[in-house]
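To start, the structure itself, in structure tokens.
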Amino acid sequence: MFININRVLKLGVALSLIVVNSIVVLYIGRDRFPLPEWFSHPISYIDGLIDHKNERISQQNLTFENSKKQQNVEPRVSSKQASKKTANANLINHTELSASDAVCSDKRPKSASKQIYTWIDDSGTRHLSDKPRKIDSATPVSVIGTIRPEELSINYTGTHPPFSLQHKIESRVMANKALFAQITPKQLVKPITINFRLFTDVNNYSTYQKRIAPSVKSAIGFYASSINESVVMMNNDEQSVNTAVHEAMHSINRHWFGHINRWLNEGIAEYAETSHTDNPLYNHWVTHIRKFGAIPLVTLFNANQHHWDTQRTEMYATSWAFVAFLMDKYHKTLSRLLQEENINGCNVVNISDMERISSQKLSVLQREFDNWLARV
């Protein structure tokens, strides 16, 4: 039997080109249509090769001044570590680097030159002053209402998730975008890209974490504002989606509101993480508060790193609860708090700001909050 070697070689080359071309087309279109489950493994391998090459090129830049980058990291810690410090071991908790060492680098310093500020009060009167207006309970609030698609985009670095998981992550992020559009002042919204770096291998995650945030231990996710990256260790679908949503909200908070009080930052992220349920006001945080109680608001607003280290679960539970309380009863107060955070430079809202903006004494606010908790 005679075999034409040249013909066989040409056929082999043609088949190879078809296979390579098909892989390229499927890889490029992986975000546009669902792919077979078996194809997610080659996709992850290709992403890993590309990411490894990029990491080698950028390693020197990423490791430059690590100590500064640590100060802009908001990590998420696994419940296994948290269970050593709380009786409720099934709660996912967080830790954060010392607030006293934090460097505020995301807000512009006040101009040294003279400025004229203008605003319109609730009666329609225009004011001119050499000092900015203090946000208070009468400050007009105009929320964005609808955030256009081009205002927020999502990018993946490292392991690319299977289409089904990617769809869950993006659906939840976009749902929260629509939710928080109802309380976000429209002048604060600006285009943002959420950069997810996902890991499926714990060793690779640990290596990257030690390079970017060496002081963070046993975390399943963190947000590094210095490089605008939401890093997630993917253990299972539910945990991966929840962690991704939480860290994405830190990215949105940082870009829209800047350096904000930790209770507000974590409370918003926790609220976003639980908002997809049929009743977002009933979840594991409610169960925890009913069993152990909430932190007094005076402690929450004045909390330092010691409080977050020693009462971690209670701090997160109360942060979620107070944001949920504001979303339910005083959404305009929450909008004004975000306005205040946006203009207060490297300061964060305090008790005085809260009383001025809500037009209520802290004792009155505490009583209303307690009554709300009792009804939830």
Side-chain angles (χ1 to χ4, degrees), residues 54-55 58-59 61-77 94-109 151-158 169 173 176-177 180 184 188-199 205 208-217 219-233 243-273 303-305 308 315-316 319 323 337-338 340-349:
N54 290 338
E55 284 186 12
S58 60
Q59 183 173 5
N61 292 332
L62 288 175
T63 56
F64 180 70
E65 293 186 340
N66 249 346
S67 61
K68 290 185 179 180
K69 290 182 179 179
Q70 291 179 58
Q71 298 161 353
N72 292 312
V73 174
E74 295 160 14
R76 180 177 176 84
V77 177
H94 307 254
T95 188
E96 191 169 3
L97 302 180
S98 174
S100 62
D101 297 329
V103 175
C104 176
S105 58
D106 56 351
K107 292 184 179 179
R108 294 181 180 179
E151 299 288 359
L152 191 149
S153 58
I154 295 176
N155 179 52
Y156 295 94
T157 305
I169 292 174
V173 170
N176 278 296
K177 179 189 72 170
F180 282 91
T184 301
L188 306 187
V189 175
K190 55 186 177 182
I192 174 180
T193 297
I194 297 173
N195 296 307
F196 284 119
R197 183 178 289 271
L198 309 179
F199 290 89
Y205 171 83
Y208 188 77
Q209 182 190 53
K210 288 176 181 177
R211 194 166 79 230
I212 300 301
S215 64
V216 177
K217 308 297 181 183
I220 55 174
F222 61 90
Y223 172 65
S225 62
S226 57
I227 54 177
N228 185 32
E229 211 170 67
S230 298
V231 184
V232 178
M233 174 63 210
T243 304
V245 169
H246 187 103
E247 306 309 336
M249 286 309 302
H250 282 316
S251 181
I252 292 173
N253 287 346
R254 181 68 66 164
H255 283 78
W256 287 356
F257 317 127
H259 176 65
I260 65 178
N261 200 310
R262 187 170 179 181
W263 71 263
L264 184 57
N265 193 14
E266 297 296 349
I268 288 175
E270 287 295 331
Y271 189 89
E273 189 177 329
N304 55 31
Q305 190 61 35
W308 287 95
M315 293 298 294
Y316 276 92
S319 295
V323 167
L337 283 172
L338 297 175
E340 178 67 24
E341 288 284 32
N342 182 259
I343 66 173
N344 63 7
C346 290
N347 298 318
V348 295
V349 292

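For reference, positions follow the sequence shown, starting with 1.
- V349 and N344 make their closest contact through N-ND2, 3.8 Å (heavy atoms, listed as atom of the first residue, atom of the second, distance).
- When side chains are defined from C-beta on, W263 counts as touching V323, because their heavy atoms get closer than 4.5 Å.
- Looking at every heavy atom in both residues, A272 comes nearest to V245 through O-CG1, 3.8 Å.
- Separating the CD atom in E247 from the CD1 atom in I220 is a distance of 8.5 Å, to the nearest 0.5 Å.
- For the pair S251 and F196, the minimum side-chain heavy-atom distance is 4.5 Å or more.
- Ring planes of F180 and Y271: perpendicular class, angle over 60° (limits at 30 and 60°).
- Within the 4.5 Å cutoff, the side chain of E341 has no heavy atoms near those of the H259 side chain.
- A pairwise comparison of heavy atoms in I169 and A244 identifies CG2-CB, 4.0 Å as the closest pair.
- Of all the heavy atoms in G221 and T243, the pair that sits closest is CA-CG2, 4.0 Å.
- One distance of note links CZ of R262 with CH2 of W308; it measures 5.0 Å at 0.5 Å rounding.
- A 4.5 Å side-chain heavy-atom check between T184 and I252 finds every atom pair outside the cut-off.
- A distance of 11.0 Å separates CG of N155 from OG of S230, quoted to the nearest 0.5 Å.
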Run L264 and F257 through side chain to side chain contact (heavy atoms under 4.5 Å, CB included) and show every step you take.
CA-CA 11 Å; L264 184 57; F257 317 127; over 6 Å; no
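- How far CD1 of I268 is from CD of E273: 14.0 Å, rounded to the nearest 0.5 Å.
- In this structure, the separation between CD on E266 and CD1 on I260 is 9.0 Å, given to the nearest 0.5 Å.
- F222 places none of its side-chain heavy atoms less than 4.5 Å from the side chain of M233.
- For the pair I212 and V231, the minimum side-chain heavy-atom distance is 4.5 Å or more.
- Scanning both residues, A269 and M249, for their nearest heavy atoms gives CA-CB, 3.9 Å.
- Side-chain atoms of Y223 and N228 form a donor-acceptor pair, as typed in the model, at a separation below 3.5 Å.
- Rounding to the nearest 0.5 Å places CG of L188 at 7.5 Å from CG of L338.
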